[in-house]
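Heads up: the structure comes next, in structure tokens.
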Amino acid sequence: MNKAFLEIENLKKVFPGPRGGEPLTVFENVTVGIQRGEFVCVIGHSGCGKSTILNVIAGLDDATEGYVFMDGKEVKGTSLDRGVIFQNHSLLPWKSALSNVMFAVKSRWPGWSREQVRAHAMKYIEMVGLKGTEDRKPSQLSGGMRQRVGIARAFAIEPKMLLMDEPFGALDALTRGTIQDELLNIWSQAGQTVFMITHDVDEAILLSDRILLMTNGPNASVAEAVEVDIPRPRNRETLFKHERFYQIRNHLVDFLVRRSKELSGNGGGATRTVRLAAVNEDQDDSSDEHPRRAAAGGH
Ligand code: ADP
Ligand code: MG
């Protein structure tokens, strides 16, 4: 079988206990493969280790055990091949929106002329709908606009992989919706591989090819990888009408409310791949609490 683009193998993270106390095993046995161009979201309760996993993939933190390989190379330290978008986009406050993007573009292609850098940065400023406001400083932009600058900056360096840690968590619902649409648009053009953390199940269903479900920490693990087989292009208006939507949504909510606790702290077995079947595909199992759920083998 082909190796996945991103290979997470037996990842474990232990933080030393404060003041010599008990060490904290945040997660363990995390083994996940992400295909090139795949959009994967991660859901799990606060503190289960989502950000820590993302930081390890980004090369900002080391795993205690296990490996991450991207494109066949082990991840060691940060790389311009991996763009990171945090909730609190760290823009340079003294630079304009455009200059913030240009700064990143220059570091990616140091040999480019100023005009080349500018034109390239401007393309991404336009893509996120900020044309006309490119000369404003971050303090003169709304939270949503600042987040767009962060997205433009991450996309502009054309990383092979995008890592996003609750990128829209701080935005109001309306702005979030618009930026989700833009993100889907850019992603469908650029075809990047995406690993995104969100606490919003609707957002995860809208965006993902697969959703990874993490049990509660400590000793968290990725219990399931839920396939989202809703055809693309998707949009927020029609998504709710698709028969799969509520099946997947119910499954995710049930996991968060109930199963993430029940499964927590068991050290984690292999991640189960879950493909929810259509209502008429498995009527024979009507006694099950979730008659529409069908597990499609291990991983
Ligand atoms: P999530 O993003 O899922 O909310 P985090 O990855 O931020 O969770 O944190 C997971 C656990 O690891 C939490 O219990 C947190 O307190 C702990 N943790 C995170 N970073 C550190 C650190 N640098 N030192 C010690 N403990 C940490
Ligand atoms: Mg986090």
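Just follow the structure's listing: the first ligand is 1, and inside any ligand the first atom is 1. In this text the structure is predicted, and so the values were computed from the model without any measurement.
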Quick check: does [X] get an N/O under 3.5 Å from an N/O on ligand 1?
| X | value |
| --- | --- |
| G49 | yes |
| C48 | yes |
| G47 | yes |

Exercise. Which ligand 1 atoms does L24 reach within 4.0 Å, using its non-hydrogen atoms?
Worked result: 12 (O), 14 (O), 17 (C)
For this session: Could you list which atoms of ligand 1 come closer than 4.0 Å to a heavy atom of V26?
Result: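 Near V26, meaning under 4.0 Å from one of its heavy atoms, ligand 1 has 10 (C), 11 (C), 12 (O).
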Exercise. Can a protein heavy atom be found under 4.0 Å away from atom 7 (O) of ligand 1?
Worked result: yes
Problem set entry | Any protein heavy atom < 4.0 Å from atom 15 (C) of ligand 1 |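 Flag for atom 15 (C) of ligand 1 set to false, no protein heavy atom closer than 4.0 Å.
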When rounded to the nearest 0.5 angstrom, what distance separates [atom1] in [X] from [atom2] in [Y]?
| X | Y | atom1 | atom2 | result |
| --- | --- | --- | --- | --- |
| S260 | M214 | OG | CE | 11.0 Å |
| S142 | R148 | OG | CZ | 7.0 Å |
| M196 | E166 | CE | CD | 9.0 Å |

Problem set entry | R118, CZ: over 12 other non-hydrogen atoms inside 6.0 angstrom | no
For this session: Flag yes if V253 and L263 sit in one hydrophobic cluster, no otherwise; membership is Ile, Leu, Val, Met, Phe, Trp, Tyr, and two members link when side-chain heavy atoms are under 4.5 Å apart.
Result: yes
Exercise. If two hydrophobic side chains count as joined below 4.5 Å and joins carry through other members, does F15 share a cluster with V68?
Worked result: yes
Exercise. How far is atom 18 (N) of ligand 1 from its nearest protein heavy atom, and which residue and atom is that?
Worked result: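 Looking only at protein heavy atoms, the one closest to atom 18 (N) of ligand 1 is F15 CE1, 3.3 Å.
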Exercise. Between T52 and ligand 1, which part of the residue brings a heavy atom under 4.0 Å of the ligand: side chain, backbone, both or neither?
Worked result: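 Within the 4.0 Å criterion, T52 contacts ligand 1 through backbone and side-chain atoms alike.
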Exercise. What do you reckon, does S46 put a non-hydrogen atom under 4.0 Å from ligand 1?
Worked result: yes
Exercise. How about S46: does one of its N, O or S atoms come closer than 2.8 Å to the Mg ion (ligand 2)?
Worked result: no
Problem set entry | For V26 against G49, the heavy-atom pair lying closest together | CG1-CA, 3.5 Å
Exercise. Are the aromatic rings of F255 and H251 close, with centres under 6.0 Å apart?
Worked result: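 No, they do not, as the ring centres are separated by 6.0 Å or more.
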